[in-house]
Amino acid sequence: MKNQYNLSPRLAACLAMLVVNASAAEEPATGPWTLKLTPLVSYTGYGGSPLRSDMTSAGVYFDAQYLDRGGIAGGATYTNLNFKGGGSALNQASEFFSGRLNFTPEFLAGRLTARLDGHQINNDDSTNESDEVQVVAPQVSYLHESKSFYADLGYAISFYGDSKIGNGSLTVQQWTPTLGFGFNQNYDWLQLRLYDVNVSNPLRAMRGHTDAVEIKFTHYFASQSVWIPSWVTAGGLAGNRMYAVDSDTALVYNLADEQKGGSFLAAQWKLSSQYKATLSSGYDIYETRDYSSGNRYTYSGANVFLGVTAQW
């Protein structure tokens, strides 16, 4: 079964706070530099899969913002995927780095941001079909000065290592146009993103092209109580998506399985002026192919994520 070694490192939408996000409720910086450090853990349990049992991930991410001019972000995540039947676990290391610059041209009532992300993924996949992954992902975005309208255009090109089971090389190209709208005095935020993904080698994928739409709705709370979240986000994915690169969560889906849909719920609590906690859960549906029989089947992944952010 070809998909035995592929990974699906789904952490819902909680890493959005670690990278540039179309948020309508940004907090003012207290100095020239704003620094954030976030250790994180997640767990995913699989249902309906004859191969996968569960998966755990742990990592740390940072973000450094200089005034309103730009910043850098990055991090590393270690993932362990356990299989049924006593098979050897798969271990994966993922690294991410991002840089951004902000511009406020006179002819625009708002801010332009140029951003460039890079990803590196390595694991002990014996087929090499999910290993040796490099991703370059530029993005240009615009946020209106009222913080009630956002738009971006993202592109990602992903390079995968040569297959050791005769399926050749693989390059994936992705376009992600995005629109965001703030309303209710910007206490509510709606974001829509299209994933248009093209795969160079159909031997390494379920199909050569997929389209999916991701919808996120966020509500910000005015209460300062530690028991009430600062914000709550609910979202879902409709359509089909493979080998996706998610700029909000800084994740690369380095798997041949086709994501058929999903949903998530996330919330963040302000524990103090320096610390925040983010908790989320999500559910995703996948379709994969058993190459030994030629049959297709679906399976699901249910996940929970916890991250604690310290800010200076």
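None of these values were measured; they are calculated from a predicted model. Numbering starts at 1 and runs along the sequence shown.
The main-chain N or O of Ala222 is found under 3.5 Å from a side-chain atom of Gln224 such that the two form a donor-acceptor pair. Asp246 contributes a side-chain N or O that, together with a main-chain N or O of Thr249, makes up a donor-acceptor pair within less than 3.5 Å. Proximity of a side-chain donor or acceptor of Asn201 to a complementary backbone N or O of Ser169 within less than 3.5 Å is detected. Of the possible donor and acceptor atoms, one in the side chain of Asp124 sits under 3.5 Å from a partner among the backbone N and O of Asn91.
Here the shortest heavy-atom pairing between Tyr46 and Gly301 reads CD2-CA, 4.0 Å. Residues Phe103 and Ala114 come closest through the heavy atom pair CE1-CB, 4.2 Å. Taking each heavy atom of Lys36 and Gln311 in turn, the nearest pair found is CE-OE1, 3.2 Å. Heavy-atom minimum distance, Ser158 versus Val245: OG-CG2, 3.7 Å. Summarising the geometry of Pro229 relative to Ala267, their closest heavy-atom pair is CB-CB, 4.2 Å, with the distance given to 0.1 Å. Scanning both residues, Ser130 and Ile121, for their nearest heavy atoms gives O-CG2, 4.4 Å.
The residues Arg204 and Glu129 are annotated as salt-bridged, a charged nitrogen and a carboxylate oxygen being separated by less than 4.0 angstrom. Ion pairing between a basic and an acidic side chain is recognised when a charged N comes within 4.0 Å of a carboxylate O; Lys260 and Glu258 show such pairing. For the pair Arg296 and Asp257, the salt-bridge criterion is not met [side-chain N within less than 4.0 Å of a carboxylate O]. At a threshold of 4.0 Å, the pair Arg193-Asp248 counts as salt-bridged, since one of the basic side-chain nitrogens sits closer than that to a carboxylate oxygen. The residues Asp162 and Lys164 are annotated as not salt-bridged, no charged nitrogen and carboxylate oxygen being separated by less than 4.0 angstrom.
Ring centers of Phe221 and His219: under 6.0 Å apart, within the cut-off. Aromatic rings from Tyr160 and Tyr243 are positioned such that their centres are separated by under 6.0 Å. Aromatic rings from Tyr299 and Tyr286 are positioned such that their centres are separated by under 6.0 Å.
Taken together through direct or relayed side-chain contacts under 4.5 Å among Ile, Leu, Val, Met, Phe, Trp and Tyr, Trp33 and Ile72 form part of one hydrophobic cluster. Tracing side-chain contacts under 4.5 Å through hydrophobic residues (I, L, V, M, F, W, Y), one reaches Val226 starting from Trp269; they form part of the same cluster. Under the 4.5 Å side-chain contact rule for hydrophobic residues, Val136 and Leu170 do not share a cluster.
With no hydrogens or angles considered, no side-chain donor-acceptor pair links Glu287 and Thr298 at under 3.5 Å. Side-chain polar atoms of Tyr43 and Ser57 form no donor-acceptor pair below 3.5 angstrom. For the residue pair Asn80 and Gln92, no side-chain donor N or O sits within less than 3.5 Å of a side-chain acceptor on the partner. Using modelled atom types and a 3.5 Å distance limit, the side chains of Asp117 and Ser98 yield a donor-acceptor pair. Side-chain contact of Asp152 with Tyr150: a donor-acceptor pair under 3.5 Å is present, judged by distance alone. In summary, the side chains of Gln139 and Arg100 do not present any donor paired with an acceptor at a separation below 3.5 Å, with no hydrogens or angles considered.
Residues Ser42 and Asn303 are not in side-chain contact: their nearest non-hydrogen atoms beyond the backbone lie 4.5 Å or more apart.
Relative to the ring axis of Tyr142, Arg111 does not place its NZ or CZ within 45° and under 6.0 Å from the centre.
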Check against side-chain contact (heavy atoms from CB on, under 4.5 Å), Leu279 and Phe305: CA-CA 6 Å; Leu279 179 67; Phe305 166 97; over 6 Å; no
Intermediate values then yes/no, side-chain contact (heavy atoms from CB on, under 4.5 Å), Lys216 and Trp189: CA-CA 8 Å; Lys216 296 179 183 179; Trp189 185 265; over 6 Å; no
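The local environment of CZ in Phe181 is crowded, with over 12 non-hydrogen atoms from other residues, nucleotides or ligands closer than 6.0 Å. In Gln274, the CD atom is crowded: over 12 heavy atoms of neighbouring residues, nucleotides or ligands sit closer than 6.0 Å.
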